[in-house]
Amino acid sequence: AVERTLSIIKPDAVAKNVIGEIYSRFEKAGLRIVAARMLHLSREQAEGFYAVHRERPFFNDLVAFMTSGPVMVQALEGEDAIAKHREVMGATNPKEAAPGTIRADFASTIDENAVHGSDGPDTAKTEIAFFFREEEICPRTR
Ligand code: CMP
């Protein structure tokens, strides 16, 4: 089925100037960008977005990293978009990411791992709504 998922290009990858290379991988995987925005997350925004991780030991470092520079946020649309996106991203820990994946090629550590992607249909919905109003999303009709 056609799905939507939320993608974030994190501050480390923005700093490496590889937004275009990462977009190119999305496009080659058949994922279409249907909404996009660059922003520098506030602490409140980062804490809110990652609220499910609030009790995890890495939470403070995660928030500090995600607010350390601008991020590029996009909604991606396509057949099986959630799984496809996770496939092109590679494992959360870049040391375990398959060769040729975004994290294998652009990330160095589990904390600074270049990209974020929704992990399922429910999180995709809430994560997209966190950044985009429905009328800001441009579904592809051709
Ligand atoms: P992300 O998919 O953005 O979701 C939460 C982030 O926390 C994750 O990517 C990692 O960058 C970071 N993180 C740091 N340590 C861990 C860990 N042990 N398990 C999962 N995520 C971690």
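Note that these values count all heavy atoms, side chains included, but never hydrogens, waters or copies made by symmetry. Atoms within each ligand, like the ligands themselves, are counted from 1 in listed order.
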Atom of Pro11, atom of Val71 and distance for their closest heavy-atom approach
CD-CG1, 3.4 Å
Greater than 12 external heavy atoms within 6.0 Å of Arg43's CZ
no
Phe131 vs Glu136, test: side-chain contact (heavy atoms from CB on, under 4.5 Å). Steps then yes/no.
CA-CA 10 Å; Phe131 288 106; Glu136 291 178 305; over 6 Å; no
Is a salt bridge present between Glu27 and Arg140, judged by a nitrogen-to-oxygen distance below 4.0 Å?
no
At a 4.0 angstrom heavy-atom cut-off, ligand 1 is contacted by Lys10, Tyr50, His53, Arg56, Phe58, Leu62, Thr92, Arg103, Ile110, Asp111, Asn113, His116
Applying side chain to side chain contact (heavy atoms under 4.5 Å, CB included) to His53 and not counting sequence neighbours gives Tyr50, Arg56, Phe58, Phe59, Leu62
Please say whether more than 12 non-hydrogen atoms of neighbouring residues, nucleotides or ligands are located less than 6.0 Å from NZ in Lys16.
yes
